[in-house]
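Please read the structure below before turning to the comments.
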Amino acid sequence: MRALLQTARGIFYRNSVILEARRGRFTKGAIPANHFATNLRKLRLEKGLTQEQSAEKLGVSAQSVSRWETSATFPDVMLLPEIARLYGV
């Protein structure tokens with residue numbers, strides 16, 4: 001479980017900590033859902049993947065990836081390690 005939480009933190013915090021520090025508002029605590037979605041999209045684009053390609057590699061539908069990236073839903077917690085591996089987090 002600890003590894004899952006560390007993986008989730010990596011996805012949440014990777015870019016948002018830098019962004020908040022630059023804004024002078026670095027605080028620990030909950031990160032809004034849109035940060036998670038924004039980071040997922042940014043990581044996917046950095047890898048040069050489409051939503052369809054990401055979905056295929058993760059074994060989910062492209063619609064699921066789209067929902068994650070728009071904050072409509074979140075991925076299952078058991079899928080977080082696979083997402084982290086895919087995006088290199």
Side-chain angles (χ1 to χ4, degrees):
M1 186 63 165
R2 186 178 196 109
L4 272 176
L5 291 174
Q6 289 174 341
T7 300
R9 285 186 188 122
I11 293 171
F12 275 112
Y13 291 108
R14 181 172 183 262
N15 295 313
S16 57
V17 167
I18 295 167
L19 180 64
E20 291 301 312
R22 285 183 186 158
R23 291 180 180 166
R25 296 186 303 206
F26 179 78
T27 58
K28 291 186 178 180
I31 295 202
N34 63 339
H35 282 266
F36 182 79
T38 302
N39 285 343
L40 277 181
R41 184 172 191 276
K42 183 175 181 178
L43 290 167
R44 177 180 57 79
L45 293 174
E46 285 176 1
K47 291 292 181 181
L49 298 170
T50 64
Q51 287 181 344
E52 291 79 13
Q53 291 168 330
S54 292
E56 184 178 323
K57 291 176 187 259
L58 294 169
V60 298
S61 69
Q63 186 177 17
S64 292
V65 174
S66 175
R67 287 178 181 166
W68 302 339
E69 291 182 359
T70 59
S71 299
T73 62
F74 288 101
D76 185 85
V77 69
M78 299 306 289
L79 194 57
L80 291 176
E82 194 62 34
I83 294 170
R85 275 190 288 278
L86 176 63
Y87 295 146
V89 179

Task: Straight-line distance of L40 CG to F74 CZ, nearest 0.5 Å - done: 9.5 Å

Open item on the list: Rounded to the nearest 0.5 Å, what separates atom OH in Y87 from atom NZ in K57?
Closed with: 10.0 Å

TODO: Look up atom CH2 in W68 and atom CG in N39, then write down how far apart they are to the nearest 0.5 Å.
DONE: 15.0 Å

TODO: For the residue pair T73 and S64, establish whether any side-chain heavy-atom pair is separated by less than 4.5 Å.
DONE: no

TODO: Output the distance between atom CD (E52) and atom OG (S61), rounded to the nearest 0.5 Å.
DONE: 10.0 Å

Task: 4.5 Å side-chain heavy-atom contact, R67 and Q63 - done: yes

TODO: Would you indicate whether the side-chain heavy atoms of R41 and R44 approach each other to under 4.5 Å?
DONE: yes

Task: Non-hydrogen side-chain atoms of D76 and V60 separated by less than 4.5 Å - done: no

Task: Single-linkage hydrophobic cluster, 4.5 Å side-chain cutoff, L86 and V77 together - done: yes

